[in-house]
Amino acid sequence: MRSSLLLAAAAGLAVLASAACTAGNETAPGVPSAGGTPNREPVTITMWHGFSADNELKAFDDALAGFRAKYPWITVKTTKAVQDDQIIQSVRGGNPPDVALSFTTDSVATFCKTGLFQDLAPYLSSSGIDTAVFPKVIADYTEYQGKRCVMPMLADTYGLYYNKKLMKGAQPPKTLSELADLAKKLTVRDKDGAIKVAGFNPSAQMYENVPIHTAPMTGAKWTNPDGTSAIGGDPAWKQLMTWQKDLVDWFGYDDLEKFRKTFGDEFSADNPFMKGRVAMAIDGEWRNAMIAADAPGLEYGTAPLPVADDKPQLYGGGFIAGTVIGIPRGAKHNAAAWELVKYLTTDTDALVTLSNAIRNVPSTLPALRSPKLDKDPNFQTFLDIFANPASTTLPAHINSAFNQQTLQEAQEAWESGRATDLDALLAGVDKKIDDKLKLTAGG
Amino acid sequence: MATTTLGRRGRAVPVGGRRRPALRALLYLSPWLAGFSVFFAYPLIATVYFSFQRYDLFTLEPVGLLNYRYFLKDEAAWTAIRNTLWLVVVMVPARVLFGLGVAQLVTKLKAGVGFFRTVFYLPSLVPLVAGTLGFVYLLNPGTGPVPAILSAIGLPSPDWFGDPGWAKPGLTLLGLWSVGDLMVIFLAALLDVPKQLYEAAALDGAGPWQQFFHVTLPVIRPVLMFAAVTGVIQTLQYFTQAMVAARVASGSTDSAGSVFTPGYPAQSTLTFPEWLFHQGFRDFAMGYACVLALILFAVSMVFTLFLLRQFRGLAEEDA
């Protein structure tokens, strides 16, 4: 009896094990039907997006109003403030939305490599859409190894904001030396030495000073063509980090950190630039809308990012990325979902409406040229950066987030003084990234 | 016609008659067996299987021992192990001692027992995220009221959640603040110690410390052991407070291009479960996350068995 019980238990476990072994082998998605919704039968589709601020939600709803007018038989049910984790889990669980929008381009490689988002080639082909409608730089972050599984929906561009009152008539800096000199000149300290107003906070931990945004200042490269890390071998990173460290040391790391910790939330009215606590700051074009909403009296200007003194040809460029949107695997209404994706990513009026409301850069050439696009001087700066050939993006990479985290940690160790050998530090970054590549992508 | 067979002593026994009790036992056990299979055996077997795969939630590729080899040179994983062990070695005893101390104090109170019991218990009712947010805010060197008060009276204040040397003590402080759940258990145990034992000890000339070490501690030892075992298991799974404190203290946001790495500052608060979660659900290295999960499982088992063995040894000594 005992042996038969054991046998039964073993058989049960074997069944469970075989179930476990097949958990990841789901059937690949079939080629979806594409090419519009000719029958026009009423259909309700679901869409998840990451917008959460009131002005963003209203702007997005306004854009959807145009879709409803154009496609009255398609009802769109939206869910706000969704992040990539939730999208991935919903696909894994077999109950994804019909359309999903991601605020970061870090997951594009994962979306495409795993088939988490559907290949959009059949849809584009049947709708006759030429991807040349998107500026070339966008292709780098919306495709992975030649596969397009997401479309760009608005773009982000990063530049320099400066407070005209605190600048006291000084012109925005064009080189890193000018930026450092001006930062020192404009810094105000209390009697006890504590920083009261900083000309510029060079810390890599300061909001948008993350390495992907500051890399264009020296033209630093992330990866080699084979996906391995180029960070240790590119002197541009060393140049950037040495400049940052020198300026951090001038402030004093502890003083700078103490000052940074008095800041309010980046996306609130307490943002230190909007409060006049920093004279210059690196930020995205969307800050224009936030200043208009929360600090309308602020006298400010915008300019391209300052660049390395020995690389004047980089001036005018900046970092570009954006929001991406696609149709997850397992979506129930592919054709209607594609109509919405197509509308939100290629309809000029929709893109201009959204851009005017939340001040993101339109992601198609016709929308960029649209006369309906509001172009005040501060926003125009970002349109110019977007169009500048020196502007760069972070190409889709399977370990995009890991690579950034690894370098970010190294930058923190370096600027705080915990790491003293920059060459060894960056070589260590290369090793970690290359080891991780073997773990997640093969090779 | 009933089938019969010979029993061990040559007596005829109906076949169905011998099987029936076993089947009945199996039937009674089946709810547990089902739960064990679905919630323990299956996940465990699946985890072992996936640990030999490159698995990104959608595609599987056998990679042999790659995930295990990667673990051996994964600096972050070893940092996480060191941090987690630090918390086990420092925070668990600190919480047990503090909880016991507070409970002991409450038992000595002549008046306001209910009030103080409530006051000490209340923090453990505060949700983990809210409590952590409050602590980071209170101790923030730039805007927090605690450093401001210390500064006003001329005392220095460390950057609790921003200095790698102070971040884990900061979390320990947070752990002590929310020790109310342990305090209540200890209080119940202390009140259960027979008064006659104290009277007998006092007659023998034992002072307060001797009474505590020779009467109180032996009697409440099972409760102490329970607190230690559950404390170790909870600390090996320490996640929420470390994640929230690091996130808030770093000032990191969810904006595009802003990547949050748990463990701020300088991986000083990176715990093993955080790294496991990060690998699985942020980097989608699910196969590697399975290796980390198996290690966590094995270490938890070893710790628990060690503590239980110690307890058994102590109990036998008493006998």
Side-chain angles (χ1 to χ4, degrees), chain A residues 1 5 12-13 16-17 19-21 23-26 83 85 88 91-92 103-106 110 113-116 156 205-208 210 212-213 254 257-263 265-267 284 319 321-323 394 399 401-402 404-405 408-409 412-413 416 418 432 435-436 438-440 442, chain B residues 18-19 22 26 33 37-38 41-43 45-50 53-61 63 66-67 70 73-76 140-144 159 162-164 249-261 263-267 278-279 281-288:
Chain A
M1 189 62 218
L5 262 178
L13 289 177
L16 286 169
C21 298
N25 286 332
E26 294 174 350
Q83 296 188 1
D85 305 2
I88 291 165
V91 179
R92 186 71 184 90
F103 265 18
T104 166
T105 55
D106 289 338
T110 300
K113 182 172 183 267
T114 60
L116 201 138
D156 292 323
Q205 300 172 67
M206 169 75 190
Y207 294 149
E208 302 297 333
V210 289
I212 53 168
H213 299 162
D254 290 342
E257 274 299 274
K258 196 169 179 183
F259 177 64
R260 188 174 71 87
K261 290 187 177 182
T262 63
F263 295 164
D265 183 80
E266 181 187 0
F267 300 110
F319 178 75
T323 304
L394 186 64
N399 290 329
F402 177 86
Q404 293 171 60
Q405 285 159 13
Q408 173 93 30
E409 281 172 9
E412 289 175 22
S416 67
R418 291 196 304 274
K432 283 180 188 169
D435 282 347
K436 182 71 175 194
K438 288 176 194 162
L439 186 78
T440 50
Chain B
R18 209 171 55 168
R19 280 185 184 162
L26 205 58
L33 277 175
S37 305
V38 172
Y42 168 70
I45 292 166
T47 304
V48 172
Y49 174 76
F50 288 133
Q53 308 284 323
R54 181 180 286 131
Y55 179 39
D56 57 15
L57 283 178
F58 294 93
T59 49
L60 275 174
E61 182 190 348
V63 289
L66 176 74
N67 293 322
Y70 183 80
K73 55 185 177 183
D74 182 0
E75 289 171 23
N140 184 308
T143 55
D159 183 358
D163 182 333
S250 71
S252 151
T253 59
D254 276 329
S255 65
S258 174
V259 284
F260 170 68
T261 316
Y264 179 89
Q267 294 191 332
H278 200 76
Q279 289 301 312
F281 297 101
R282 287 286 184 270
D283 287 354
F284 306 111
M286 200 54 84
Y288 180 53

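Order of the sequence lines fixes the chain letters, A, B, ..., with proteins taken first and strands second; residue numbering starts at 1 for each chain.
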**Complete:** To the nearest 0.5 Å, atom CG of B:Asp283 lies from atom OG1 of A:Thr110 at 8.5 Å
**Item:** B:His278 NE2 to A:Gln405 CD distance, which is reported to the nearest 0.5 Å
**Value:** 3.5 Å
**Item:** Under 3.5 Å donor-acceptor, B:Arg54 side chain and A:Lys438 backbone
**Value:** yes
**Asked** What are the two closest heavy atoms between B:Ala285 and A:Leu439, and how far apart are they?
**Response** CB-CD2, 4.1 Å
**Asked** Of the non-hydrogen atoms in B:Pro141 and A:Lys261, which two are nearest, and what is the gap between them?
**Response** CG-CD, 3.9 Å
**Message:** If you define the side chain from C-beta out and look only at heavy atoms, does anything of A:Lys436 sit under 4.5 Å from B:Tyr70?
**Reply:** yes
**Message:** As an exercise, state the distance from CZ of B:Phe281 to CD1 of A:Ile88, rounded to the nearest 0.5 Å.
**Reply:** 10.5 Å
**Message:** Minimum heavy-atom separation for A:Arg260 and B:Ser250, please, with both atom names.
**Reply:** NH1-O, 2.8 Å
**Asked** Can you tell me how far the CZ atom of B:Arg282 sits from the CG atom of A:Asp106, to the nearest 0.5 Å?
**Response** 11.5 Å
**A:Arg92 side-chain N/O to B:Phe58 backbone N/O, donor-acceptor pair under 3.5 Å** = no
**Asked** Are A:Glu412 and B:Tyr264 close enough that a side-chain donor and a side-chain acceptor fall under 3.5 Å?
**Response** no
**Asked** CD/A:Glu257 to CG/B:Asp163 distance, rounded to the nearest 0.5 angstrom?
**Response** 10.0 Å
**Request:** Could you grab the distance from atom CZ of B:Phe284 to atom CG of A:Asn399, nearest 0.5 Å is fine?
**Result:** 11.0 Å
